[in-house]
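For reference, the structure discussed in these notes is given below.
No experiment lies behind these values; they were computed from the predicted model shown. The chains referred to below are lettered A, B, ... by the order of the sequence lines, with proteins before strands, and numbering in each begins at 1.
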2 protein chains.
Amino acid sequence: MSASTKLSTAVKALCFLAESFPEPRSSSQISSRIGVNASKLRQLLSLLSKQSVVTSEKGMTGGFILNKSPDDVDLQSIYCAIEDRKAFHLDVSKYHDVEENGIEKFNEYFADLFADVQIDIENKMKNINLKTVMDQLGIKSKFKK
Amino acid sequence: MSASTKLSTAVKALCFLAESFPEPRSSSQISSRIGVNASKLRQLLSLLSKQSVVTSEKGMTGGFILNKSPDDVDLQSIYCAIEDRKAFHLDVSKYHDVEENGIEKFNEYFADLFADVQIDIENKMKNINLKTVMDQLGIKSKFKK
DNA sequence: TAATATGTTACACTATCCGTAACAATTTGT
DNA sequence: ACAAATTGTTACGGATAGTGTAACATATTA
C-alpha cells in the first residue's frame, strides 16, 4: 500500500468506527464497508491501536473501537502511526563522491529542500482532524468520552 | 528513477553545463562528473532540450549546452520537463462503490487534499531557480546570453 | 469445546525501478 | 569517402517494492 492509500484507508476505517461507536466492528465488517482487504485492515488498525487511536478486542464479540475523539485525531498523527517513512519518499542519488567535486553538497542541498517540503506537508496534515473530514463528508460521529 | 532523484540529477547536470558554458559537454563527460549513467542522462537531457532548457548537437564535437539563463530556469519547470506525473504521486484506493455507501466521496476528498499539497510543492519549486542553487553551492555560472 | 476475533508472518504474483546495452541517425575530423 | 564520436531512443534482465491473500498462533466469548 502506498503511503497515501494507507492514509485514506485508515481515515475511512476510523470514520466508520466513529459512526459505529461504541459498537465494536470486526475487520471483516470494515472490509465489506470500505472495500479493503480485511487482513490489510488488521495490519493498519493494529498500528493505530499501538498509538491508542483505537482499541481492539479479540473473541466472538471483539473488534475495533475508536478510542480518541475525532477532534483529537489529526491526519498527521494517523500518518505517523501507520507509516515509518516520512510524509513521502524523496531522495537523492546516493553517489558517493570520491573525487571531491562537490556532488555531496548537491545531495545535502536537496535533502534539505525535500525535508522542508515534508515539513510543509506535515503541517498541513496537522491542521486537519477526523472531525473536519467527517463534517465535510456529512458523517455523524457517535463518539463519547 | 524516482521523481526526486530525476530532479536532483537534472539540476546537477544543468549546473555543470552552466559552469562549462559555452563549451558543450557530452553525456559521458557529465556522467563521470556527477556519477549518473550516461544513457540515463541522455534521456533526461533529451527531455530538457525539448523544452529548450538545453541544446544538443550530435557528432564528434557535440554534446549539451545550457540554453537558458540560470535565472530563468526554476525547479518546477525542470520538474515538468522531466516528469509527466504530478509533483509526487499520491493516490487513493480505486475501490468502486457499488453500494452507494459514500466511499467515492472519501476518494474525492483525498484527491482534492493531495492536489492541494501538490500545488504547495509546485509553488515552492517555482521560487527556486538554478541561480539560487548555484549561489548557495558556490558554483559560478559562465552562461551569457 | 466450538466459534470468532485479533495480531503477525509469509507467500506468490505483479508491477515498477534501475542500470546497462544496443543501434540508427547525425555530425565532425582526417 | 570513411572512421570516429555523439545524441536519441528502445529494449531488456535483474533487483526491488507493492498487492492481495492465506495461514496460524493467541485470545475471548457463548
Side-chain angles (χ1 to χ4, degrees), chain A residues 1-9 13 17 20 23-32 34-67 81-85 88-96, chain B residues 1-9 13 17 20 23-32 34-67 81-85 88-96:
Chain A
M1 254 186 184
S2 75
S4 50
T5 304
K6 274 188 189 174
L7 179 61
S8 62
T9 300
L17 294 181
S20 310
E23 203 68 24
R25 295 297 183 199
S26 71
S27 57
S28 65
Q29 283 178 312
I30 304 173
S31 171
S32 57
I34 70 175
V36 175
N37 183 272
S39 183
K40 275 281 184 280
L41 278 173
R42 288 203 296 278
Q43 293 169 14
L44 274 180
L45 291 168
S46 169
L47 292 169
L48 288 169
S49 77
K50 285 172 183 167
Q51 302 299 320
S52 306
V53 178
V54 301
T55 55
S56 65
E57 278 183 16
K58 297 180 176 178
M60 289 186 69
T61 62
F64 298 92
I65 304 175
L66 186 62
N67 191 46
I82 60 181
E83 189 77 7
D84 48 355
R85 291 194 307 198
F88 58 109
H89 202 52
L90 297 172
D91 53 5
V92 294
S93 70
K94 301 297 193 308
Y95 176 65
H96 192 269
Chain B
M1 255 187 184
S2 75
S4 50
T5 303
K6 273 188 190 175
L7 179 61
S8 62
T9 300
L17 294 182
S20 310
E23 202 68 23
R25 295 297 183 199
S26 71
S27 57
S28 64
Q29 283 178 314
I30 305 172
S31 171
S32 56
I34 70 175
V36 174
N37 183 273
S39 183
K40 275 281 185 279
L41 278 174
R42 288 201 297 277
Q43 292 171 15
L44 274 181
L45 291 168
S46 169
L47 293 169
L48 288 169
S49 76
K50 285 173 182 166
Q51 302 301 318
S52 305
V53 178
V54 300
T55 56
S56 65
E57 279 182 16
K58 296 181 179 180
M60 289 187 72
T61 61
F64 298 93
I65 304 176
L66 187 61
N67 192 47
I82 60 180
E83 188 77 9
D84 48 354
R85 292 195 305 198
F88 57 109
H89 200 54
L90 297 172
D91 54 5
V92 294
S93 69
K94 303 297 192 308
Y95 175 66
H96 192 269

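In this structure, CD1 of B/I65 is placed 14 Å from C1' of C/dT27, rounded to the nearest angstrom. In this structure, A/Q51 atom CD and C/dG7 atom P are separated by 14 Å, rounded to whole Å. In this structure, A/E23 places its CD atom 15 Å from C1' of C/dA5, rounding to the nearest Å. For the pair B/L47 CG and D/dT7 C1', the computed distance is 13 Å after rounding to whole Å. Remark: P of C/dT26 and CZ of B/F64 are 16 Å apart, rounded to the nearest angstrom. Following rounding to the nearest Å, B/L44 (CG) and C/dC17 (P) show an atom-to-atom distance of 14 Å. Note: CD (A/E57) to C1' (D/dT29) measures 11 Å, nearest angstrom. Between the CG atom of A/L45 and the P atom of C/dA5 there is a distance of 14 Å, rounded to whole Å.
Checking C/dT20, C/dA5, D/dG20 against every side-chain atom of A/K58, the shortest atom distance belongs to C/dA5. Candidate nucleotides D/dG8, C/dG19, D/dT10 were compared by shortest atom distance to the side chain of B/S39, and D/dT10 ranks first. In this structure, of C/dT8, C/dA25, D/dT10, it is C/dT8 that holds the atom nearest to the side chain of A/Q43. Side-chain proximity of B/T61 to D/dT7, C/dG29, D/dT28: nearest is C/dG29.
Listed pair B/S46 / D/dT7 fails the phosphate criterion, with no side-chain N or O lying under 4.0 Å from OP1 or OP2. In terms of phosphate contacts, B/N37 brings a side-chain nitrogen or oxygen within less than 4.0 Å of OP1 or OP2 of C/dT20. Dashed line: the shortest gap from a side-chain N or O of B/S27 to OP1 or OP2 of D/dT6 is not under 4.0 Å.
Mapping B/M60 and A/R42 onto DNA chain C by nearest heavy atom places A/R42 at the nucleotide closer to the 5' end. Nearest-nucleotide mapping onto DNA chain C: of A/R25 and B/K40, the residue sitting toward the 5' end is A/R25.
The structure places CE of B/M60 at 12.0 Å from OG of B/S26, a figure rounded to the nearest 0.5 Å. Once rounded to the nearest 0.5 Å, the distance linking CZ of A/R25 with CG of A/L41 reads 14.0 Å.
Inter-residue side-chain proximity for B/T9 and B/I82 is flagged as unmet; no heavy-atom pair is nearer than 4.5 Å. Counting heavy atoms from C-beta on, the side chains of B/I30 and B/L17 come closer than 4.5 Å.
Residues B/S31 and B/A38 come closest through the heavy atom pair OG-N, 3.7 Å.
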